[in-house]
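Just below is one structure, and these are the notes that go with it.
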There are 2 protein chains.
Amino acid sequence: MSHTHVHESHDQLKDALDTLKQTGVRITPQRHAILEFLVQSMTHPTADDIYKALEGKFPNMSVATVYNNLRVFREVGLVKELTYGDTSSRFDFVTTEHYHVICESCGKIVDFHYPGLDEVEQLAAHVTGFKISHHRMEVYGTCTDCSHKDLH
Amino acid sequence: MSHTHVHESHDQLKDALDTLKQTGVRITPQRHAILEFLVQSMTHPTADDIYKALEGKFPNMSVATVYNNLRVFREVGLVKELTYGDTSSRFDFVTTEHYHVICESCGKIVDFHYPGLDEVEQLAAHVTGFKISHHRMEVYGTCTDCSHKDLH
DNA sequence: TATTACTTTATAATCTTTATAAACAGTTTA
DNA sequence: TAAACTGTTTATAAAGATTATAAAGTAATA
């Protein structure tokens with residue numbers, strides 16, 4: 001089971017590096033590390049999370065490098081930037097299409113698969129005349145941990 | 001037609017002021033002006049938009065006042081805070097339930113009514129165990145104006 | 001090797017938002 | 001009415017996230 005997961009994330013990283021090669025984006029040690037961290041990460045980290053996580057391996061790395069490369073990854077389509085209510089953006093390695101359920105108490109983000117809302121896009125296109133490119137949806141609530149804490 | 005709209009926004013403002021009274025929030029001239037601007041506004045303004053729009057009437061008003069009162073309005077449920085990709089939050093006077101279609105080229109926001117996605121919340125609750133409070137969805141694309149501009 | 005283009009680092013600057021303290025105004029209480 | 005209290009605004013500073021800039025470094029190309 002975890003064996004499978006290791007293989008999965010290994011492949012995902014390899015695919016991501018291939019994408020970079022094909023797009024002509026240089027694969028620097030920093031980029032490799034940031035991607036690796038994003039692929040493995042089950043949390044949806046902020047730029048600062050990534051910066052802190054890698055400062056052991058790259059003591060000289062600049063915050064700007066993290067931001068620069070997250071922008072590069074986003075432009076290439078490897079990474080999605082999530083802007084929730086809180087102060088800083090969160091970054092999500094793009095895999096299959098899924099939505100997020102966010103705990104308003106502790107900030108935990110859980111992935112949540114749901115068959116596409118294509119009809120929403122179609123209706124929006126029809127009503128507004130826009131050329132629709134994509135949509136975004138999240139569900140907010142309280143996770144089980146926080147629900148239990150409230151009882152005490 | 002516009003006659004109707006005037007009445008509508010007048011009523012909306014009146015309702016909003018009633019809500020403030022009932023909640024025990026003082027109605028200051030600044031609050032009145034901010035609410036009035038929000039109700040009339042068809043764009044979804046940032047705090048700075050509001051600040052700039054009212055500096056003629058209130059030359060001494062502080063930016064903090066705008067932020068403070070937007071927070072107050074949000075806590076009372078009169079206003080919804082929207083965090084899109086761009087740098088600053090946008091504020092939307094709460095009327096009926098609707099979604100937004102956002103032009104990625106010029107930032108225009110068009111309202112868009114769609115029957116609730118209650119089932120999404122139910123499924124999310126079932127799958128994750130969260131107590132769901134609400135969800136958020138937007139559709140992104142290119143508006144007709146910008147689509148035409150691209151052709152030239 | 002020389003040149004060029006890209007990347008990182010370090011730092012400063014910008015921008016949004018929040019915090020703080022003093023001045024003000026409205027309301028309540030004695 | 002005077003005093004006390006509470007909430008509000010203002011002005012300003014501070015915090016935090018992100019971007020811009022310039023110098024130094026590194027890889028790619030001719």
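Here is how names work: the chains are called A, B, and so on, in the same order as the sequence lines, proteins then strands, and each is numbered from 1.
Take the nearest nucleotide of DNA chain C for A:V63 and for A:V72: the residue whose nucleotide is more 5' is A:V72. Comparing B:A64 and B:G24 against DNA chain D, the residue whose closest nucleotide sits nearer the 5' end is B:G24. The nearest heavy atom of DNA chain C to B:N68 and to B:F91 marks one nucleotide each, and the one closer to the 5' end goes with B:F91. Residue order along DNA chain D, read from the 5' end via each residue's closest nucleotide, puts B:T28 first among A:D48 and B:T28.
Under 4.0 angstrom from either OP1 or OP2 of D:dT8 there lies at least one side-chain N or O belonging to B:R31. Put simply, B:Y67 has no side-chain N or O that comes within less than 4.0 Å of OP1 or OP2 on C:dT18.
Residue B:H32 contributes atom NE2, which lies 18 Å from atom C1' of C:dA25 at whole-angstrom precision. The distance from atom CG of A:L20 to atom P of C:dC6 is 15 Å, rounded to the nearest whole Å. Atom pair A:I27:CD1 and C:dC6:P shows a separation of 16 Å (rounding to whole Å applied). We find that CG of A:L70 is positioned 15 Å from C1' of C:dT7, with the value rounded to whole Å. Remark: C1' of C:dA10 and CD of A:Q30 are 14 Å apart, rounded to the nearest angstrom. Distance A:R74 CZ to D:dT18 C1': 11 Å, rounded to the nearest Å. In this structure, A:F58 atom CZ and D:dG25 atom P are separated by 18 Å, rounded to whole Å. Here D:dT9 presents its P atom at 11 Å from CZ of B:R71, a figure rounded to the nearest Å.
Side-chain atoms of A:R31 never come within 3.5 Å of backbone atoms of A:N69 as a donor-acceptor pair (strictly under, hydrogens ignored). In terms of modelled atom types and a separation under 3.5 Å, the side chain of A:S62 and the main chain of A:A64 share a donor-acceptor contact.
Using a 4.0 Å heavy-atom distance criterion, B:T65 is classed as a base contact. A:N69 comes within 4.0 angstrom of sugar-phosphate atoms only, judged by non-hydrogen atoms across all strands, and of no base.
Side chain of B:M61, nearest nucleotide from D:dT10, C:dT17, C:dT9: D:dT10. Distances were taken from every side-chain heavy atom of B:A47 (C-beta onward) to each of C:dT7, C:dT17, C:dA10; the shortest belongs to C:dT17.
Partner of B:E81 under the salt bridge (Lys or Arg N to Asp or Glu O under 4.0 Å) criterion, chosen from B:R136, B:R74, B:R71: B:R74. Each of A:H100, A:R90, A:K108 was compared with A:H44 under the side-chain hydrogen bond (donor to acceptor under 3.5 Å, both in side chains) criterion, and only A:H100 meets it.
Judged by distance alone with a 3.5 Å cut-off, no donor-acceptor contact links the side chain of A:S88 to the base of D:dA17.
A:D49 and A:T46 are linked by a side-chain donor-acceptor pair at a separation below 3.5 angstrom, with hydrogens and angles left out of the test.
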